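Note that the structure is predicted; figures quoted are calculated from it, not measured. Within every chain, numbering begins at 1; the chains are lettered A, B, ... in the order of the sequence lines, protein sequences first and strands thereafter.
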There are 2 protein chains.
Amino acid sequence: MLGWEDIRAEVLRRIRARDWPPGALIPGEEALAEEFGVARATVNRALTSLAEAGVIERKKRAGTRVAELPVRRARLEIPVIRLDVLGRGLPYDFKLLADRLAPAPVPVTARLGLPEGTPMRKLETLHLAGGRPFVLETRWLNPAVLPVPLPDFAQVSVNEWLVTHVSLVSGDIAFTAEPASPREAEVMGVVPGTPLLVAERTTQGTGGPVTWVRLAHAPGHRVAMTF
Amino acid sequence: MLGWEDIRAEVLRRIRARDWPPGALIPGEEALAEEFGVARATVNRALTSLAEAGVIERKKRAGTRVAELPVRRARLEIPVIRLDVLGRGLPYDFKLLADRLAPAPVPVTARLGLPEGTPMRKLETLHLAGGRPFVLETRWLNPAVLPVPLPDFAQVSVNEWLVTHVSLVSGDIAFTAEPASPREAEVMGVVPGTPLLVAERTTQGTGGPVTWVRLAHAPGHRVAMTF
DNA sequence: TTGGCTAATATGTCTAGACATAATGCAAGT
DNA sequence: ACTTGCATTATGTCTAGACATATTAGCCAA
């Protein structure tokens, strides 16, 4: 018997084969259901899935059409750094370089939507892969929204503790290429000005803005995605 | 009446509120259906959606549990460069800098899974935003899988023509930070060695490997995603 | 103790039918 | 010509019930 995944595959095949070229209106659910000999709900399941993937566009009354400029979506799975390192077959370790309470700089408070000069906890962590610098993490934490008790961040990586102890609701991440600052160069053992892949993230939790973090990756780092 | 999105929202709320902490087994579909006064299929729709989002993990017979280390997934929407530029409120233009047939270098053929030395078409395109260099695109095309007739790539951007004329099946994309080569520096009007955000993509089509492309972005470029 | 079979169980999927909702296009009235 | 409103239609969602399938716990035998 045909399942919704079979229907999905067949519809996708026809789109790729240009039986149904970009922009074309494809048959309605009822018609497809009859053609494949399944219930309409099964066709709906298949088409819903294709719509989520951006391959088709569906509108009530107007029908379903093949996307004109199919939006290609790549999914990035953001791992806990420890698992990222272990996944590369290297032993993981980290060092807490700094930990202090201070008024957060404007770019940080602005992105998080906090008032200027809010006191936040600044943590600087160097993540090591096989003993070599892997990522330099500069993080500003909003103490107001953290559950107590806080652990000793020299023992437990902030990165990991946050994931398991704070419910993260939403956030964003941006990648840029930046020259290593003198400080970064020293800590990571590279020449100042070396291009580093930098990821900048802000995260919101249920109780409000949680953290802003900048991850400066060692030279040569690749962030890979599949689509 | 409660819809599947309401169920989804309520379950998510309970997980965030730690009524059901990470690792916990949540009630079965039948039980939830009864609690909310809906059919099991409706609960299933909600939970399936949460599972796709990585919030819960489901196994037959074992039940549904809250994910221990919730995988955070960010979705990157890869736009056609023209739309990316226009979306930033700048006028778009491009220049075809080079176009020749040559044996593709090993890194390219290797990634695409083609035999060494396969003759491919190399296209170098400079994309401009508001008259200033935006992205330098270096592309190797596999002529064997392209539909005829080919357009004049000085008139039509390869980027865009591919999206509408070739069915792209799968691919991968990777970001790195690299120093501008002398050639790149000259074309983009920057100092050699300037950190550039580089995206490298390979794409497979129905007929086989289609293209390998390297996009070197102007300094300061950000690739942003939300999760 | 260990290995393998079996029954129980939770999720996965399907059906057939129903009603909800949004968007379109035509028709009527201004 | 223009607007308003209504009927039409395709998708969206729900229900109740059924069978499929994976996985586990427990039992029994070697």
Nearest whole Å is fine: how far is [N] [atom2] from [X] [atom1]?
X       : N      : atom1 : atom2 : answer
B/Leu32 : C/dA10 : CG    : C1'   : 12 Å
B/Arg8  : D/dC14 : CZ    : P     : 14 Å
B/Arg45 : C/dC14 : CZ    : C1'   : 16 Å
A/Leu2  : C/dT15 : CG    : P     : 9 Å
A/Glu34 : C/dT15 : CD    : P     : 14 Å
A/Ile56 : D/dA10 : CD1   : P     : 16 Å
B/Met1  : C/dT21 : CE    : P     : 9 Å
A/Arg65 : D/dA10 : CZ    : P     : 13 Å

What N/O pairs connect the protein and nucleotides 3-8 of chain C at under 3.5 Å? Give each pair on its own line.
residue : atom : partner : partner atom : Å
C/dA8   : N3   : B/Arg61 : NH1          : 3.2

>> Please find the pair of heavy atoms, one from A/Leu76 and one from B/Met225, that lie closest to each other, and give the distance.
In response: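 Taking A/Leu76 first and B/Met225 second, the nearest heavy atoms are CD2-CE, 3.7 Å.
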> Starting at the 5' end of DNA chain D, which residue's closest nucleotide do you reach first, A/Thr48 or B/Ala39?
Replying inline: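 Of the two residues, A/Thr48 wins.
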> Nearest nucleotide by nearest heavy atom, which residue falls closer to the 5' end of DNA chain D, B/Thr42 or A/Thr64?
Replying inline: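 Result: A/Thr64.
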>> Pick the closest DNA chain C nucleotide for A/Gly37 and for B/Ile26 by heavy atoms, then say which residue is nearer the 5' end.
In response: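 Mapping each residue to its closest nucleotide by heavy atoms, the 5'-most match is B/Ile26.
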> Between B/Phe94 and B/His127, how do the two ring planes meet: parallel, tilted or perpendicular, split at 30° and 60°?
Replying inline: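 B/Phe94 vs B/His127 ring planes: tilted.
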> Run the ring pair (Phe, Tyr, Trp, His ring centres under 6.0 Å) check on B/Phe175 and A/His221 step by step: do they pass?
Replying inline: CA-CA 8 Å; B/Phe175 291 96; A/His221 190 96; over 10 Å; no
Please list, pair by pair, any protein nitrogen or oxygen found under 3.5 Å from a nitrogen or oxygen in nucleotides 18-20 of chain D.
residue : atom : partner : partner atom : Å
D/dA18  : N6   : B/Arg40 : NH2          : 3.1

> Given the rule in the salt bridge (charged side-chain N to carboxylate O under 4.0 Å, His left out) test, do A/Glu29 and A/Arg58 qualify, once you have shown the distances and angles that lead to the verdict?
Replying inline: CA-CA 11 Å; A/Glu29 298 188 347; A/Arg58 324 192 67 199; 2.6 Å; yes
Below 4.0 angstrom, N of the basic side chain to O of the carboxylate: do [X] and [Y] qualify?
X        : Y        : answer
B/Glu137 : B/Lys95  : no
A/Arg222 : B/Glu200 : yes
A/Arg65  : A/Glu57  : no
A/Arg121 : A/Asp99  : yes
A/Glu5   : A/Arg8   : no

>> Between B/Lys59 and C/dA10, is there a contact of a side-chain N or O with OP1 or OP2 at under 4.0 Å?
In response: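 For C/dA10, OP1/OP2 do not have a side-chain N/O of B/Lys59 under 4.0 Å.
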> Quick one: is B/Asn44 getting a side-chain N or O under 4.0 Å of the C/dG12 phosphate, OP1 or OP2?
Replying inline: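 Checking B/Asn44 against C/dG12: at least one side-chain N or O falls below 4.0 Å of OP1 or OP2.
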